[in-house]
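Notes follow once the structure below has been shown.
Residues: numbered from 1 along the sequence shown.
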Amino acid sequence: TSTGRKLYAKVFGPENRAVDTSFAKLIFWNNNGMEIREGVDYNFLSTEIASANNTRPVFLFHHQDPYNSLPFTDAQDALYTSIVQSHSQVIVFNGHLHRFSTSVVNSIPFFQIHRVEGGKWGMVEVDSSNIRVYHCDENNCGLISTL
């Protein structure tokens with residue numbers, strides 16, 4: 001049987017939730033299609049992004065690369081792209097592959113984040129004029145991107 005929901009709750013807490021802050025909307029979306037057999041909730045993602053303030057960024061956190069062809073179909077890829085591109089400032093953070101990398105896919109900035117183990121992590125710093133993304137190890141943090 002699948003342990004996806006139990007594992008997600010242990011690591012991230014309640015799935016599919018959003019928090020509005022003064023600087024951004026944070027969306028925590030469980031897209032672990034390999035573990036959630038009954039499907040990923042695209043309606044939740046669509047509703048939360050549609051309700052986001054267009055003057056502030058949306059930080060979207062999810063487990064898997066949404067363009068991974070193993071759990072996701074081409075139709076799901078297109079749906080994800082359409083939903084995320086409906087807001088002008090979505091920045092995506094995901095894990096799953098246990099490495100750090102940055103990319104832009106379909107005009108969407110992606111940050112692949114390490115497990116928080118072995119002294120490596122990602123950090124986002126937000127102020128009134130910039131969003132900075134850092135890759136950190138046990139000795140220092142290096143600036144990767146300024147948005």
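- Between N31 and Y80 there is no side-chain heavy-atom pair separated by less than 4.5 Å.
- In this pair, H62 and W29 present their aromatic rings perpendicular. The plane angle is above 60°, beyond the 30 to 60° band.
- For N140, the CG atom counts as densely surrounded, since its 6.0 Å shell holds more than 12 non-hydrogen atoms of other residues, nucleotides or ligands.
- With sequence neighbours excluded, the residues satisfying side-chain hydrogen bond (donor to acceptor under 3.5 Å, both in side chains) with N53 are T55.
- Looking only at distances, a side-chain donor or acceptor of N16 sits under 3.5 Å from a matching main-chain atom of N30.
- Nearest approach of F61 to L26, heavy atoms of both residues: CE1-CD2, 4.2 Å.
- Shown here are the ring-ring contact (aromatic ring centres under 6.0 Å, His included) partners of F23, two or more places apart in sequence or in another chain: there are none.
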Applying side-chain contact (heavy atoms from CB on, under 4.5 Å), run through Q89 and V58 and close with a yes or a no.
CA-CA 6 Å; Q89 300 181 66; V58 171; over 6 Å; no
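- The side-chain contact (heavy atoms from CB on, under 4.5 Å) test applied to N130 returns D127, R132, T146, not counting sequence neighbours.
- Taking the side-chain hydrogen bond (donor to acceptor under 3.5 Å, both in side chains) definition, one finds that E48 meets it with K25, sequence neighbours left out.
- Residues that satisfy the side-chain contact (heavy atoms from CB on, under 4.5 Å) test with T47, not counting sequence neighbours, are absent from this structure.
- A 4.5 Å side-chain heavy-atom check between R56 and T21 finds every atom pair outside the cut-off.
- Considering only residues two or more places apart in sequence or on other chains, I83 meets the side-chain contact (heavy atoms from CB on, under 4.5 Å) condition with Y42, L45, S46, I49, L79.
- Side-chain atoms of S82 never come within 3.5 Å of backbone atoms of A78 as a donor-acceptor pair (strictly under, hydrogens ignored).
- Residue I27 holds its CD1 atom at 11.5 Å from CZ of F59, rounded to the nearest 0.5 Å.
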